[in-house]
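Report on the structure given below.
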Protein chains: 2
Amino acid sequence: MNRGSSPPPPARRPTIADVARAAGVSKGAASYALNGRSGVSEATRSRVVAAADALGFRASSAARALAGARSGVAGLTLRRPARTLAVEPFYMELITGLEAGLAAHSYSLLLQVVHDHGHEIEVHRRWRHDHSVDGVLICDVGVDDGRVAALEESGFPAVVIGPPSASGGLAGIWSDDGVSLAEAVRYLVALGHRRIARVGGLPHLAHTEIRTRTFTALAAELGLDSAVTVPSDYSGEDGARVTRELLGVRERPTALVYDNDIMAVAGLAAAQGMGLSVPHDLSIVAWDDSPVCRLVRPPLTALVRDISAYGTRAARLLLAAIDGRPVGSVHDEPAHLSPRGSTAPPP
Amino acid sequence: MNRGSSPPPPARRPTIADVARAAGVSKGAASYALNGRSGVSEATRSRVVAAADALGFRASSAARALAGARSGVAGLTLRRPARTLAVEPFYMELITGLEAGLAAHSYSLLLQVVHDHGHEIEVHRRWRHDHSVDGVLICDVGVDDGRVAALEESGFPAVVIGPPSASGGLAGIWSDDGVSLAEAVRYLVALGHRRIARVGGLPHLAHTEIRTRTFTALAAELGLDSAVTVPSDYSGEDGARVTRELLGVRERPTALVYDNDIMAVAGLAAAQGMGLSVPHDLSIVAWDDSPVCRLVRPPLTALVRDISAYGTRAARLLLAAIDGRPVGSVHDEPAHLSPRGSTAPPP
DNA sequence: GCGGCGTGCTTAACCGCGTAAGTACCTGGA
DNA sequence: TCCAGGTACTTACGCGGTTAAGCACGCCGC
């Protein structure tokens with residue numbers, strides 16, 4: 001086979017020059033054709049495209065990046081919080097969703113764990129300079145987040161995974177935590193609860209702030225006897241500590257809402273350790289469901305949303321921003337309550 | 001200030017040409033100096049280096065990649081298994097560890113979720129061609145894994161996160177699961193257990209196979225009455241199902257060892273749902289500890305290892321391989337048993 | 001019949017780096 | 001004195017794309 005009659009195909013991956021040669025045009029024309037730009041006839045374009053996928057051509061991302069064009073990579077920076085990164089399924093689910101949304105457009109994900117916001121801004125700058133990334137995603141936005149301002153100023157395509165109140169002029173995706181919290185609280189009130197407490201997340205985060213504000217407003221509206229929010233660092237240990245603290249008083253709450261799944265599970269164990277029966281003596285609601293919520297006994301009533309789909313939509317939003325299409329803040333379906341065994345009427 | 005006497009510094013990020021100009025040498029000399037290659041005097045080298053960090057120079061990774069040099073990026077491909085990716089803390093912990101190990105050498109991590117091994121091999125090929133990645137890490141190796149052969153053949157720097165038996169000629173990092181399993185089983189036997197069952201992971205994975213073989217051998221050596229391994233897909237649902245199956249027979253096991261944390265937690269709930277008391281009626285051991293193991297009641301006895309550190313060592317190994325330093329299979333500290341409340345003498 | 005213009009393509013100059021090949025200079029040995 | 005050989009550097013090209021500028025050609029109106 002291939003007895004020298006035809007030149008052997010190049011062993012290396014084909015470059016755009018190979019495609020151009022095969023299609024009988026110049027490198028430049030091939031580039032125009034492949035990128036859907038004007039300046040080539042439709043006939044030529046289809047010839048080039050045919051040649052390209054006959055050869056299995058895929059442009060080198062490095063070369064594209066160097067020439068100032070798209071790199072086909074989206075960047076995600078994650079600030080490593082004390083211990084929550086690995087523990088909460090949230091991030092990994094978000095990442096798989098992002099990845100799926102990006103992969104559908106042949107984009108890949110560059111991940112960088114950072115120490116603080118300063119470092120994060122520096123990473124964004126470097127990425128931008130290198131063209132190693134076409135746009136970035138940030139999450140866990142704070143109420144007054146330096147990253148947002150820096151990105152806005154730079155004009156770099158960016159998507160904020162967080163509420164519009166913290167996104168400035170950047171594109172963002174969010175789900176309305178106020179609606180979800182209201183659903184949970186109204187459900188508890190309907191069951192008869194009057195003393196509800198919330199184990200909140202890190203207070204400086206924008207979504208925590210929204211939840212806390214909603215919770216307070218809701219308590220006033222529904223005339224609850226008591227409705228406090230105690231902040232935490234999202235860790236199981238802290239969740240257990242706060243739970244014991246909340247349950248240690250005389251007029252203890254009859255229902256607890258937790259800002260993440262890990263704390264809810266820890267809180268359940270803490271309550272049971274104090275001799276309380278869930279849901280008989282105490283109702284528990286977890287925010288953001290995860291498989292562990294369904295695995296403990298009783299299974300936890302939770303505010304459920306599809307985090308992976310959330311990530312996919314965020315990815316699509318970023319791709320739109322990269323394409324220069326106008327993007328605003330879209331809001332995803334809010335989390336909805338899935339009642340399970342951990343909620344019941346108060347004693 | 002800067003009244004035209006000296007040329008204003010470039011607003012764009014400095015390139016190597018700027019550094020060369022500042023140091024009064026040619027671009028080429030600057031490149032040699034910065035990359036620690038011979039051909040420049042020590043005096044010149046230090047002048048160049050000084051100029052570089054006075055200007056805050058960082059080489060463009062795209063340009064380096066294009067020129068065939070290092071890109072400063074390591075690639076990790078993750079096959080998305082049914083549902084385990086997001087659920088098991090393992091991956092996220094591994095990733096943070098990897099990231100830390102890479103960041104220490106200014107490397108970053110490119111993550112790609114793939115559908116199957118074919119896709120994965122294709123991704124590796126593309127990365128290699130593009131120079132977009134200097135080396136790759138693979139995990140969840142199977143007993144006869146096509147990826148290993150493909151990588152070996154290509155000669156691309158790669159590190160297998162898995163046992164040497166499945167790593168072929170590639171560098172690998174592993175912890176001796178046989179030792180860990182033996183520790184757990186001997187501990188249970190010392191407590192008096194004679195009927196121990198194991199809820200294993202996906203049977204085709206190399207480490208599952210090692211664990212299963214060790215378990216069988218150990219049972220023979222210790223003369224256990226029964227010691228079966230039932231495979232599973234690592235999901236909580238499957239863990240619960242297998243648990244019910246194992247406990248539904250007359251001469252049921254008095255101790256269960258689970259191949260991951262999620263199944264152990266699910267198994268605990270399943271057993272409790274059948275009216276069994278843990279650890280009184282049944283002892284449970286989880287493999288790979290995670291915060292949830294400590295949050296459930298009783299807290300689960302687990303085989304503990306520092307997964308993040310494991311990732312960091314894997315990263316270092318890959319960097320060594322990229323540098324062309326000889327690397328073999330290093331083995332990490334095996335997981336050790338941390339007895340908690342879920343193990344006790346049999347009834 | 002001729003200048004002007006849009007179309008479709010080619011040419012060539014980059015992007016920022018690495019590096020082989022070339023050059024200038026110094027040293028030392030015959 | 002002259003040349004071989006090493007050192008320290010410069011020059012120039014290539015990596016694989018993108019893209020501004022240039023050019024040939026057909027078509028139009030006057």
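Throughout, protein chains are lettered first and strands after them, A, B, ... in sequence-line order, and every chain is numbered starting at 1.
Summarising the geometry, the separation between NE2 on A:His129 and P on C:dG16 is reported as 7 Å, rounded to the nearest angstrom. At whole-Å resolution of the value, CD1 in B:Ile16 and C1' in C:dT19 are 11 Å apart. Nucleotide C:dC17 holds its P atom 10 Å from the CG atom of B:Asn35, rounded to whole Å. Computed from coordinates, the A:Arg126 CZ to C:dG16 C1' distance equals 16 Å when rounded to whole Å. In this structure, the OH atom of B:Tyr32 is 10 Å from the P atom of C:dG18, given to the nearest Å.
The salt bridge (Lys or Arg N to Asp or Glu O under 4.0 Å) check on A:Arg128 picks up nothing, with sequence neighbours excluded. Every residue was checked against the salt bridge (Lys or Arg N to Asp or Glu O under 4.0 Å) condition with B:Arg47, not counting sequence neighbours, and none meets it.
With a 4.5 Å cut-off on side-chain heavy atoms, A:Val159 and A:Val327 do not count as touching. Residues B:Gln112 and B:Val133 have side chains not in contact (no heavy-atom distance under 4.5 Å, counting atoms from C-beta outward). Looking at heavy atoms from C-beta onward, B:Val48 lies out of side-chain contact with B:Tyr32 at the 4.5 angstrom threshold. Contact annotation: the side chain of B:Glu93 never approaches that of B:Tyr310 to less than 4.5 Å [non-hydrogen atoms, C-beta and beyond]. Side-chain contact between A:Tyr107 and A:Asp134 is present, with at least one heavy-atom pair separated by less than 4.5 Å.
Base contact: B:Ser26 has a heavy atom under 4.0 Å from a base atom. Using a 4.0 Å heavy-atom distance criterion, B:Ser31 is classed as a base contact.
With the end axes of the helix from C:dG1-D:dC30 to C:dA30-D:dT1 each set by five pairs, the angle from one to the other reads 60° at 10° resolution.
Chain A approaches DNA chain D over the interval D:dG16 to D:dA20, counting the first and last nucleotide 5' to 3' with an atom under 4.0 Å from its heavy atoms.
Remark: side-chain polar atoms of A:Arg64 are paired, donor with acceptor, to backbone N or O of A:Arg70 under 3.5 angstrom. Checking side-chain atoms of B:Arg126 against main-chain N and O of B:Ser132 turns up no donor-acceptor pair under 3.5 Å.
The stretch residues 111-135 of chain A participates, sequence neighbours left out, in these ring-ring contact (aromatic ring centres under 6.0 Å, His included) pairs: A:His115-A:His119.
For C:dC9, one of the phosphate oxygens OP1 or OP2 lies less than 4.0 angstrom from a side-chain nitrogen or oxygen of A:Thr44.
No more than 12 heavy-atom neighbours from other residues, nucleotides or ligands sit within 6.0 angstrom of CG on A:Asp144.
Along DNA chain C, the nucleotide closest to A:Val40 and the one closest to B:Ala17 are compared, and the more 5′ of them pairs with A:Val40.
Proximity of residues 56-74 of chain A to DNA chain C (heavy atom under 4.0 angstrom from any strand atom) is restricted to A:Leu66, A:Ala67.
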